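Throughout, protein chains are lettered first and strands after them, A, B, ... in sequence-line order, and every chain is numbered starting at 1. Computed from a predicted model, the values in this text were never measured in an experiment. Scope of the values below: all heavy atoms of this structure, side chains included, with no hydrogens, waters or symmetry mates.
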Amino acid sequence: MTRREAGRTTRSTRAMTQAQQNPERARIERYDPASIERGWQARWDELGLHRTDLHDQSKPKFYLLTMYPYPSGDLHIGHWYIKSPTDAIARFKRMHGFNVFFPIGFDAFGLPAENAAIKNRINPRDWTMRNIEHERGQLRSMGATFDWDAEVVTCEPQFYRWNQWFFLQFLKAGLAYRSVSPVDWCPNDGTLAREQVEGTDRHCWRCGAKVEKRDLAQWYLRVTKYADELLDFSGLDWPEPIKVMQTNWIGRSEGGEVEFTTAPSAHHPGGEPIRVFTTRPDTLFGATFMVLAPEHPLVASLTAPERHSEVEAYVARARAATEIERLSTDREKTGVAIGAEAINPVNDERIPIFIADYVLSGYGTGAIMAVPAHDERDFAFAKRFGLPIRRVVAAPGSGATADPGAAAGDELHGAYTAHAEGEVLVNSGPFSGSTAGEGGRAIVAALGERRLGKPAVTYRLRDWLISRQRYWGTPIPIIYCDRCGTVPVPEEELPVRLPDTVDYRGSGVNPLTHDESFVNVACPSCAGPARRETDTMDTFVDSAWYWYRYLSPEKAGAAIDTKLAQAWTPVDQYTGGAEHAVMHLLYAREWTKMLRDCGVLEQDEPFKRLFNQGQILGTDGERMSKSRGNVRDPDDLVRTYGADTVRLFLMFMGPWDQGGPWSESGIGGVHRFLGRVWALALDPHRVEPGDPSAGRLPEGVDAAGAEKAIRRAAHQTLREVTAEYETFRFNTMVAHLMELANTLYRYRGSSVAAGPAWNEAMRLMLLMLAPAAPHITEELWSRRLAAEGSAWASIHAQAWPEVDVTAVVEATREVPVQINGKVRDRVVVPTDVDAATLERLALEAPRIRELLAGRTPDRVIQAGGGRLVNVVVRE
RNA sequence: GCCGGAGUGGCGGAACGGUUUACGCGAUCGACUCAAAAUCGAUUGAGGGCAACCUCAUGUGGGUUCGAAUCCCACCUCCGGCACCA
């Protein structure tokens, strides 16, 4: 026992003795979190209570992961909202005998560091490291049981070298590739990351300039390969909304691919195939024009000479327009004819070809057949440009028939897109008259025979663009040589380190591009002069696998200790915000699948169970952010109330998955509750002067009855609270503990106070509260042990208590009696009453007899095995 | 526009189809105190009644049921995501 411990024991023993001898006068010290929390945090650290032996097989493992923070400088109350309940889960699981691994780290690469560096002329690394140091202190002040030995900081070369190594594996496996594509570009600051483009008008976050598109050679990861597999969530216990969002993001769409050909003309020989993707092959006869994306590769060669200037102007305009402008549905359709025609393979009809920005180059084939009668967008375009509209699907009984003249498009006020039962094809040559479903399949089959069409599936999911024109990220390990082309950096030369000195030249341009010592390098293959890739990786790369690195953060020979990964992953429980639904959480799944395909891992999925806590907003209802000035600093709250109160308040506020605007009006109530627990534990005999019934047992209750009631309350609470921890219903968990405290308060100062039942209840109270409020419970636990003369042992190393079912049963219970569904009386009956007796007792209840006034009930219903009786009587 | 989620006291929120409003905040009153704070106790959905009690209330309107905050249909509002994806 340490000196401090010894001192504490003497003090607390003395306080208790005084209280027992002189209940009227004795005053215990008040609950003062500041004087106990630091001490216990240091003690836990010393003892290594939270260091996990990953090789310990004697206990079942539990990998608990919470999303690591970005070190922006200050954690706000929202971070605590995620982390303190998660820590309670860790402690709860440990008390259940699990070997819990609960690591933490820092998502240390990213834009704010560079932004601050440019503004304040400091190195992004120094800025980041200083913030991390500060946040470590904040996280420790919370009293969380993070295993700091496993900490991972992603901007360290020992971490990011493995990003590079993975990239090289992906390159070998054909999962990484380079391609020219349009990226967001700011005229002042150069290329922007996706998150640097703000607002619906898509402006640069730093200078406010309009962002446009530029073609750049970029590195991609071939994640679309996993589209179908990513749609499979079987075996994952994830929130339904996240699964829905990912499913929509992946956007699988089934249809057919149809090959049109270009018609010969004065400037073009024709015969060039143009493939289109459609989900409505049944409407093929209704195609009256074709639209290509402005970026479609055939646009230049197909455009008629006299149309060139107009087409080029349109393409340039489409390129400059912001994406939102382009994609906005309420904007009027624009486009130009390119002076060429396509031939529809089903009827050899020649239809004009347009380019229009409502057709996207990145989806399907970048070309569509336009069926204005059955597609709203095509309809709007046709109306605008005066193009024919031909109806080819008719609802039964609509009057439209196979007769071509009967269904002129002019009659339509909008596209007919509904799918009515039994709708049939019209104006569709040999397919007219068949139902839409059959006809569609028959059309695809007919085209298939001529090799002009086939069933096809497309996805909205795109490959992952990982190139960022930024300094503060993982350098992409590639060298460009004039003689050898694109050469990967040899694995043994990893890591490609970020240079320590950074010269921003006062602008946002990637400083790596003008760092000669970084850029100039000898080609690994021919030793001639070559240049390094200066792009770095998206920071979502780091978070796509960081939890594997926690298992062996120092390991030098490999990214992941595969043995430990096999034993410890997938993660059993992941907690974090839903804002990462389709970014981080999807990238993480993709990365694990890519690692599996490269033979690094065996598992298919990273996170078995996921929980999304709600988001704490500012008092203004907006997202908390420094720039809005609405962040709440947890340090202040901890100074005022102590970490236990803050932790408990965050759990008590409301359902964990809900969040909402920050309001601390109730925090005093939670603090008061802990003060009451403190008083119950240390001063059970006190008689409050303000309570007329204080110090006496409730009317008509003897000591034995009181003890029984106390035990019942304690064990009932234990039953509820255990279930609530398991299902993360922390708000009602706290409420139940408050109720138990209220119950005990009724017996405070009475003859049963500090008696056997009371002591048992207090023991359970402390154990139940321990995961949520670890400091106060540890303090009271240690005093309790000292008072008993037992050796100290941490409350957090205790086993979770068992419910004594015999304590919970009651001899009698109260049953509400309803007449026609309205409660009119209650009867007290033996717990084991049979249905017939219950009915008789219910009908004999005074109010019931009075209200029935001699009438015979039509029915008597007993609900829930006799928990309620409803007497039905007709008026 | 499409896809999710949510609407319960003055407020945060409880409630396996079965006693609506647990727990907490706030408010009012009382005890302790010279006083205040802290602490302790009581009351607190709305309306009516001296009372015991009665009536009405879970966004709106219907429905199913002995019984609906809960299930079904239609609508309104708020929050989140996607947004011309052929």
Side-chain angles (χ1 to χ4, degrees), chain A residues 30 200 239-245 247-249 251 253 255 276-280 283 291 324 326-331 333 356-360 362-371 374-378 380-381 458-462 578-579 581-582 614-615 617 621 649 652-655 657-661 663-670 672-673 675-676 679 686-694 729 731-739 741-742 745 748 814-826 847 857-864 867-873:
Chain A
R30 297 183 52 82
T200 42
E240 214 52 47
I242 299 286
K243 292 196 273 186
V244 170
M245 272 192 254
T247 302
N248 291 344
W249 186 263
S253 157
V276 302
F277 174 75
T278 178
T279 53
R280 297 290 306 275
T283 64
V291 187
I324 281 289
R326 255 187 89 160
L327 300 183
S328 150
T329 36
D330 31 272
R331 197 185 59 139
K333 294 276 177 291
D357 60 11
Y358 80 91
V359 174
L360 308 174
Y363 183 79
T365 60
I368 62 158
M369 61 172 202
V371 185
H374 304 290
D375 181 282
E376 280 164 31
R377 297 149 302 182
D378 298 343
F381 193 88
T458 29
Y459 304 89
R460 305 172 64 166
L461 182 73
R462 308 293 154 86
E579 64 272 20
V582 292
Q615 199 170 25
L617 308 171
F649 176 60
F652 181 61
M653 270 169 45
D657 59 0
Q658 212 164 80
S663 157
E664 57 201 57
S665 64
I667 196 167
V670 172
R672 211 165 294 145
F673 161 65
R676 282 160 77 86
R686 182 173 162 75
V687 177
E688 291 290 342
D691 178 1
S693 62
R729 279 155 32 228
N731 57 328
T732 53
M733 180 275 286
V734 177
H736 279 120
L737 291 178
M738 286 175 166
E739 276 184 273
N742 292 345
Y745 247 71
R748 197 178 175 211
E814 197 183 61
V815 177
V817 184
Q818 301 179 326
I819 293 180
N820 293 338
K822 281 188 177 150
V823 178
R824 298 298 181 182
D825 207 347
R826 287 151 213 280
R847 293 262 322 132
D858 294 288
R859 285 171 74 182
V860 178
I861 289 157
Q862 291 189 22
R867 275 195 304 118
L868 174 139
V869 178
N870 187 16
V871 180
V872 183
V873 56

Could you state the atom-to-atom distance from [atom1] of [X] to [atom2] of [N] in whole Å?
| X | N | atom1 | atom2 | answer |
| --- | --- | --- | --- | --- |
| D657(A) | G13(B) | CG | P | 11 Å |
| R748(A) | U39(B) | CZ | P | 12 Å |
| M653(A) | G12(B) | CE | P | 12 Å |

**Message:** Check for me whether R676(A) meets the cation-pi criterion with F673(A), that is, NZ or CZ under 6.0 Å from the six-membered ring centre and within 45 degrees of the ring axis.
**Reply:**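 No, R676(A) and F673(A) do not form such a contact.
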**Prompt:** Under 4.0 Å: is that the gap between some side-chain N or O of Q818(A) and OP1 or OP2 of U19(B)?
**Reply:**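 Result: no.
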**Item:** Any R672(A) side-chain nitrogen or oxygen under 4.0 Å from OP1 or OP2 of U39(B)
**Value:**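 Yes.
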What is the nucleic acid contact for [X], judged by heavy atoms within less than 4.0 Å: base, sugar-phosphate only, or nothing?
| X | value |
| --- | --- |
| R729(A) | nothing |
| N870(A) | base |
| F673(A) | nothing |
| R462(A) | base |

**Message:** If a pair means Watson-Crick or G-U wobble with both distances below 3.5 Å, what does RNA chain B look like in dot-bracket form, with | marking bases paired to a different strand?
**Reply:** (((((((..(((.....[....)))((((((.......))))))((((....))))..(((((..]....))))))))))))....
**Message:** For D378(A) and H736(A), find the nucleotide of RNA chain B closest to each by heavy atoms; which residue's nucleotide sits nearer the 5' end?
**Reply:**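 The residue whose closest nucleotide sits nearer the 5' end is H736(A).
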**Asked** According to the interplanar angle, ranging from 0 to 90°, do the rings of Y358(A) and F381(A) count as parallel (below 30°), tilted (30 to 60°) or perpendicular (above 60°)?
**Response**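 Tilted, since the angle between the ring planes falls between 30° and 60°.
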